[in-house]
Colleague: 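First the structure, then my questions, so here it is.
When reading the values below, keep in mind they use all heavy atoms of this one structure, side chains included, and skip hydrogens, waters and symmetry mates. For this chain, numbers begin at 1 and follow the sequence in order. Note that the structure is predicted; figures quoted are calculated from it, not measured.
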Amino acid sequence: MALRRLVRCCRSLLHEHKQAKNWIESRTGAKRYLLSEDVIRLQNLQEAKLQLAHFSDETKENFIRMFNRKLKNNELILRHELKQLLHLCQSPDDMVTAQNAIYRYHEENRNFAHGEYKFGPIFMRLCYEFSLETMGIATLTDENMRGFFNDVTSFNIGIDMLFTKGEYENALEVLQTMKSQGVPFNKDTFTLACGTCYKMNTPESFRLCIDLIENGQNKEPVFPRHAYYFAVALAIRQNDIEKARSFYSQIMNKESRLCQNLNVMILVIAGAILEVISFLSTAVLPKGSSFVKKVLFSQEVLDALHVLSKDGPYQMEVEHLTAQLKQAGQVSQQTLDELLCQTPKGKRKPLAAMHRRNPGRRTVKPLHYTLLSD
């Protein structure tokens, strides 16, 4: 009898492991913007769930029923129980119970430190997993939950969710909530904020982007390069070449493909056709240069150059130069917007450290600046 139970348990573990593995693999190529897996950490979430795979479906249902009963009877919710509940959530219905549970837990522990373990990021990751951005943002910005989401990661995940859905105004409201609650911005927040301003592409969002960069430079020793990319692209969209050049000049490493394309676009918009021709000519690789890193230029950028040179004295030279780039395989169909909104790869971890638990983020100083002034 005991052996039979052990076999069933092993089969259940293997089944759960296969399901989790398939889920992770399916998410590897999933469309996501701006935040790397280092921040979203959906794989880590699934691995944590896998550790509870010994729970049968019946046991999980009993546990969630027990939790609903505790909520109904106003019973005390313990820290380890809440943590276990969150890792057992398998559906949007389970998330309703989880949301009610964190409200109750925060109400009971409002005046006490929650310890080193932060429930906010895992709740937001679950909302990300089940596409429950409405639930996640409503909970994140609820004044009654002030202090529960006291970490920057929860807010960054929330903003990223809204960014992927095109809800840019709501993303700015989350940034405003961060400001009002004194949650410090980090590099990911600045990238998300500038990306949101770029997507909105209005005079107001452009002014906000400028404020973000000017104030952020005073707080961050090295301002995020990707935030500068968004600022340059937004300045180009707003036909402010001086600001575009100013932001571009502050990028320390200009060797990336995106940076090279932005540079060409700035020159094109400024009408500096001779500078563009000179820059592209030096970038063309000769035949047989297979071991030299290619600089790829977006067809969108080259099309803008063609418009500039049309019916002018340099039209033939531009057409010849473009043909050379295509022959060398240096023309990409990716637009600037696609290049800007690619999900970063994240940091590479040493093999020996893959199974070690990551230390918490270092505390950063609060950021004080005017964001969507009252």
Side-chain angles (χ1 to χ4, degrees), residues 20 23-24 27 32 35-52 55 60 63-64 66-68 70-71 76-110 112-165 167 170-171 173-175 177-178 181 183-184 186 188-189 192 357-358 360-361:
W23 189 95
I24 291 171
R27 287 297 190 271
R32 191 181 72 242
L35 290 185
S36 68
E37 177 59 26
D38 294 338
V39 180
I40 299 294
R41 296 178 66 183
L42 292 182
Q43 292 187 20
N44 294 67
L45 177 62
Q46 289 302 308
E47 289 169 3
K49 286 185 174 185
L50 188 60
Q51 293 178 4
L52 295 176
F55 274 72
K60 292 176 185 177
F63 187 85
I64 291 181
M66 179 272 292
F67 232 101
N68 283 320
K70 293 190 73 168
L71 291 170
L76 184 67
I77 296 176
L78 302 178
R79 178 175 175 274
H80 75 275
E81 291 178 333
L82 179 58
K83 184 176 180 180
Q84 188 167 323
L85 170 69
L86 291 173
H87 285 98
L88 286 175
C89 285
Q90 299 291 342
S91 69
D93 288 339
D94 295 344
M95 285 297 294
V96 173
T97 301
Q99 184 188 36
N100 293 333
I102 65 171
Y103 267 90
R104 174 67 58 76
Y105 184 84
H106 184 57
E107 183 181 355
E108 295 170 349
N109 298 276
R110 191 183 302 272
F112 300 94
H114 292 169
E116 293 183 2
Y117 187 84
K118 297 183 183 300
F119 289 104
I122 185 174
F123 179 78
M124 294 306 296
R125 288 181 182 115
L126 286 166
C127 290
Y128 209 122
E129 178 184 354
F130 296 115
S131 298
L132 297 173
E133 63 275 359
T134 301
M135 171 189 285
I137 301 305
T139 310
L140 184 69
T141 57
D142 191 339
E143 187 65 24
N144 293 321
M145 292 298 287
R146 177 187 284 266
F148 185 84
F149 299 99
N150 58 356
D151 60 282
V152 66
T153 301
S154 295
F155 286 92
N156 286 345
I157 293 173
I159 297 169
D160 193 63
M161 279 196 291
L162 294 171
F163 190 93
T164 63
K165 301 292 183 179
E167 299 182 22
N170 290 336
E173 289 182 10
V174 175
L175 289 166
T177 301
M178 291 183 70
Q181 295 190 7
V183 179
N186 67 2
D188 289 327
T189 317
L192 288 161
R357 186 174 180 178
N358 291 330
R361 292 179 179 269

Colleague: Which heavy-atom pair separates A101 from L85 by the least distance, and what is that distance?
Modeller: CB-CD2, 3.6 Å
Colleague: May I ask you to test the D142-Y103 pair for a side-chain heavy-atom distance under 4.5 Å?
Modeller: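 D142 reaches Y103 side chain to side chain.
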Colleague: For M124 and L140: C-alpha separation, side-chain torsions, deciding distance, then whether side chain to side chain contact (heavy atoms under 4.5 Å, CB included) applies.
Modeller: CA-CA 8 Å; M124 294 306 296; L140 184 69; 4.3 Å; yes
Colleague: Could you check L175 against T189 for side chain to side chain contact (heavy atoms under 4.5 Å, CB included), going step by step and ending with a plain yes or no?
Modeller: CA-CA 8 Å; L175 289 166; T189 317; 3.8 Å; yes
Colleague: To the nearest 0.5 Å, what is the distance between CZ (R104) and CG (N109)?
Modeller: 11.5 Å
Colleague: Run the numbers on N170 and I137 for side chain to side chain contact (heavy atoms under 4.5 Å, CB included), then give the verdict.
Modeller: CA-CA 9 Å; N170 290 336; I137 301 305; 5.7 Å; no
Colleague: Would you please classify the geometry between the F148 ring and the H106 ring as parallel, tilted or perpendicular, with 30° and 60° separating the classes?
Modeller: perpendicular
Colleague: Are I77 and L71 side-chain neighbours, meaning at least one heavy-atom pair lies under 4.5 Å?
Modeller: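 They are in side-chain contact.
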Colleague: Between Q181 (side chain only) and R146 (backbone N and O only), is there a donor and an acceptor less than 3.5 Å apart?
Modeller: no
Colleague: Run the side chain to side chain contact (heavy atoms under 4.5 Å, CB included) test on V96 and M135 for me, step by step, so that the C-alpha distance in whole Å, both residues' side-chain angles and the decisive distance to 0.1 Å come before the verdict.
Modeller: CA-CA 9 Å; V96 173; M135 171 189 285; 4.1 Å; yes
Colleague: I'd like to know if the side chain of K118 reaches the main chain of F149, judged simply by a donor and an acceptor atom lying under 3.5 Å from each other, with no hydrogens or angles considered.
Modeller: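 Checked: no pair found.
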Colleague: Start with the C-alpha distance between T139 and Q99, add both sets of side-chain angles, then the distance that settles side chain to side chain donor-acceptor pair (under 3.5 Å), and finish with yes or no.
Modeller: CA-CA 8 Å; T139 310; Q99 184 188 36; 2.9 Å; yes
Colleague: I want to check something: taking the side chain as every heavy atom from C-beta on, are I122 and H87 in contact at a cut-off of under 4.5 Å?
Modeller: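 In short, these two side chains touch, coming nearer than 4.5 Å.
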Colleague: Between I40 and I157, is there a side-chain heavy-atom distance shorter than 4.5 Å?
Modeller: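 Of all side-chain heavy-atom pairs linking I40 with I157, at least one is under 4.5 Å.
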Colleague: Keeping the roles fixed (side chain from S154, backbone from N150), state whether a donor-acceptor pair exists under 3.5 Å.
Modeller: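 No, because the side chain of S154 does not come within donor-acceptor range (under 3.5 Å) of the backbone of N150.
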Colleague: Indicate the atoms forming the closest heavy-atom contact of L132 with P92, along with that distance.
Modeller: CD1-CA, 4.1 Å
Colleague: Can you tell me how far CE of M161 sits from CG of L35, rounded to the nearest 0.5 angstrom?
Modeller: 10.5 Å
Colleague: Can you check whether Y105's main-chain N or O pairs, donor with acceptor, with R79's side chain at less than 3.5 Å?
Modeller: no
Colleague: Out of curiosity, D160 CG to D188 CG, how far, rounded to the nearest 0.5 Å?
Modeller: 9.0 Å
Colleague: Indicate yes or no: at least one non-hydrogen side-chain atom of N186 is less than 4.5 angstrom from one of N156.
Modeller: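 Contact flag for N186/N156 side chains = yes.
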Colleague: Where is the tightest heavy-atom contact between L88 and D94, given as atom of each residue plus distance?
Modeller: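 Closest approach of L88 to D94, heavy atoms only: O-OD2, 4.0 Å.
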Colleague: Is there side-chain contact between M178 and V152, with heavy atoms separated by less than 4.5 Å?
Modeller: yes
Colleague: Enter the distance from T97:OG1 to F67:CZ here, rounded to the nearest 0.5 Å.
Modeller: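 The OG1 atom of T97 sits 9.0 Å away from the CZ atom of F67.
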Colleague: Can you measure from NZ (K83) to CG (L78) and round to the nearest 0.5 angstrom?
Modeller: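 One gets 14.0 Å once the value is rounded to the nearest 0.5 Å.
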Colleague: CD/E81 to NZ/K70 distance, rounded to the nearest 0.5 angstrom?
Modeller: 3.5 Å
